[in-house]
Amino acid sequence: MTTKYKSDFMTVMHERGYVHQITDIERLDERAAKGPITAYVGYDPTADSLHVGNLVSIMMLRRLQQTGHKPIVIVGGGTAKVGDPSGKDETRQMLTDEKLEHNKQSIKGIFKNYLSLGDGHNDAVMVDNADWLDKLGYISFLRQVGTHFTINRMLTFESVKLRLEREQPLTFLEFNYMIMQAYDFVELYKRYNCILQMGGSDQWGNIVNGVELGRRMTDAELFGLTTPLLTTASGQKMGKTVSGAVWLKAEKLSPYDYWQFWRNTEDADVGRFLKLFTDVPMDEISRLEKLEGAEVNEAKKILATAATTLCHGAEAAQLAAATAADAFAGGSAEGLPTFHLSSAQAVPLVDIVLQLGFAASKGEAKRLLEQGGIRLNDVAVADVQATVGPPDLGPDKKARLSVGKKRHAVIQAR
């Protein structure tokens with residue numbers, strides 16, 4: 001029997017599968033039912049783009065806003081200087097202030113596709129925790145905040161135990177990360193009356209720290225909510241492919257490749273991913289979940305187009321869908337990934353497949369060739385020594401490369 005919640009927020013969060021742990025589910029539901037609440041998720045700008053692994057928390061902020069509440073996005077220019085040890089086997093590389101600033105500006109644009117930003121009562125706001133963390137006096141911070149943490153407790157956190165058990169270094173800098181993140185929650189409560197922090201399940205310890213610190217320092221009633229660790233039906237980590245991370249910026253991953261990532265979803269994951277990563281209504285998802293056999297491919301296309309529309313816009317999503325349809329039909333190659341071939345020399349086909357990200361290694365590319373899984377202009381190529389040069393291109397100076405049934409690219413003369 002489905003739990004009946006008082007708030008639209010908790011109802012949506014549960015029915016679409018976002019909830020793993022909550023510090024006090026009944027009280028949070030009551031607060032959300034009484035009126036708008038403010039919640040936040042933090043993102044450290046350690047790269048110039050976010051990726052699909054960040055998408056669940058972005059969609060949680062979207063659900064929060066869709067149900068009338070106010071999201072805060074922390075772009076962690078302060079915490080990124082320290083590095084979150086959660087889930088990490090080694091110390092994070094130190095980034096310069098210039099690189100951090102570049103990354104911050106780069107990832108801010110991603111949130112405009114998912115959230116309404118502005119000055120309205122439930123418009124999302126973006127803040128940088130460097131605004132307060134950079135100004136903290138060390139001794140003053142230790143006296144105000146450090147007294148609320150014990151080394152005994154900090155040593156019990158998974159992020160710390162993992163490093164110690166493996167006898168891997170955990171710097172004092174990283175050890176302070178959990179204190180800084182907890183303090184972020186206190187500052188956001190003071191500045192924005194923010195009462196909820198959300199994040200992945202690996203952040204549970206950090207989030208609980210913030211809830212407890214807020215209670216001790218301000219007597220505030222704060223809440224924490226985490227999502228389940230997201231894996232595919234086959235047990236793989238969500239968002240990883242042979243060619244690396246699935247980035248949310250078109251400059252790092254084309255809308256076509258992004259569409260194809262979702263199109264290649266395992267059959268058993270389609271319904272779950274429609275709930276988590278799209279705005280497709282629940283009754284329509286229920287219908288799509290019942291599809292079997294070849295009909296499941298239609299649900300996958302709906303998933304791919306809906307997810308790509310959110311990330312890159314409707315025009316890019318429709319172009320990606322049309323490009324994929326044409327590629328399967330042997331038609332236009334517009335929008336497909338492209339390998340630019342020098343007019344002077346031939347290139348080993350194995351190298352082309354590898355550079356396009358269609359194989360994880362030369363060994364895998366060779367196996368694909370030997371198994372007949374690679375086609376050039378719809379003709380299977382079995383020779384592992386095969387090369388592609390200008391004579392292999394058509395009158396338009398192009399050739400179409402296919403790896404398996406779902407991955408296509410263009411080889412084009414410069």
Side-chain angles (χ1 to χ4, degrees), residues 52 239-247 250-267 270 294 296-309 311-312 315-341 346-362 364-384 386-414:
V52 163
K240 292 293 185 181
T241 68
V242 295
S243 55
V246 181
W247 299 104
E251 295 86 351
K252 293 178 74 72
L253 186 75
S254 72
Y256 173 81
D257 286 335
Y258 190 77
W259 190 94
Q260 282 288 357
F261 167 76
W262 295 106
R263 170 63 179 81
N264 293 336
T265 294
E266 296 178 34
D267 291 2
V270 175
V296 175
N297 289 327
E298 293 307 310
K300 292 182 181 181
K301 292 175 187 177
I302 291 172
L303 166 64
T305 301
T308 306
T309 296
C311 188
H312 297 293
E315 184 176 347
Q318 293 300 327
L319 176 59
T323 298
D326 287 343
F328 278 105
S332 168
E334 181 184 354
L336 288 174
T338 301
F339 180 88
H340 292 285
L341 188 69
V347 178
L349 186 55
V350 166
D351 291 346
I352 295 174
V353 171
L354 191 62
Q355 289 188 42
L356 285 167
F358 290 169
S361 65
K362 283 191 175 183
E364 182 183 343
K366 289 179 179 179
R367 286 192 295 274
L368 286 168
L369 278 165
E370 292 169 344
Q371 295 165 4
I374 297 178
R375 302 184 306 283
L376 195 63
N377 291 326
D378 293 324
V379 177
V381 181
D383 183 4
V384 295
T387 61
V388 180
D392 301 301
L393 306 183
D396 58 355
K397 297 184 178 181
K398 295 179 181 179
R400 195 160 68 91
L401 175 70
S402 298
V403 178
K405 295 181 178 180
K406 298 179 179 178
R407 290 173 288 178
H408 308 276
V410 175
I411 301 173
Q412 178 177 340
R414 291 188 184 277

For Ala321 and Thr305, the nearest pair of non-hydrogen atoms, with its separation, is CB-OG1, 3.9 Å
Checking the side chain of Arg263 only, and the main-chain atoms of Ala304 only, is there a donor and an acceptor separated by less than 3.5 Å?
no
Could you measure the distance from the CH2 atom of Trp259 to the SG atom of Cys311? Nearest 0.5 Å is fine.
15.0 Å
What I want to check is whether the side chains of Thr308 and Trp262 have a donor and an acceptor closer together than 3.5 Å.
no
Separation between CZ of Phe358 and NE2 of His408, rounded to the nearest 0.5 Å
8.5 Å
Examine distances only and state if a side-chain atom of Gln260 and a backbone atom of Tyr256 form a donor-acceptor pair shorter than 3.5 Å.
no
Looking only at heavy atoms, which two atoms of Ala317 and Thr309 are closest? And how far apart?
CB-OG1, 3.2 Å
From the list Thr387, Ile374, Leu369, Leu368, side-chain contact (heavy atoms from CB on, under 4.5 Å) with Val350 holds only for Leu369
Contact check, side chains of Val410 and Pro337, non-hydrogen atoms, under 4.5 Å:
no
Nearest heavy-atom pair of Leu356 and Ala409: which atoms, and what distance?
CD1-CB, 3.6 Å
Residues Glu370, Val384; criterion side chain to side chain contact (heavy atoms under 4.5 Å, CB included); working and verdict:
CA-CA 7 Å; Glu370 292 169 344; Val384 295; 3.6 Å; yes
Any salt bridge linking Glu298 with Lys301? Criterion: basic side-chain nitrogen under 4.0 Å from a carboxylate oxygen.
yes
Taking everything shown except Lys366 itself, do over 12 heavy atoms lie less than 6.0 Å from its NZ?
no
With Val388, which of Leu376, Asp351, Val381 fulfils side-chain contact (heavy atoms from CB on, under 4.5 Å)?
Leu376
Indicate the atoms forming the closest heavy-atom contact of Trp247 with Tyr258, along with that distance.
O-CD1, 3.8 Å
So which heavy atom on Gln355 is nearest to which on Phe339, and how close?
OE1-CE1, 3.6 Å
Atom CG of Leu303 and atom CG of Asn297: how far apart are they, to the nearest 0.5 Å?
12.0 Å
Between Lys300 (side chain) and Thr265 (backbone), is there a donor-acceptor pair under 3.5 Å?
yes
CD1 of Ile411 to OG1 of Thr338, rounded to nearest 0.5 Å, is 10.0 Å
Closest non-hydrogen contact found for Val353 with Ala365 is CG1-CB, 4.2 Å
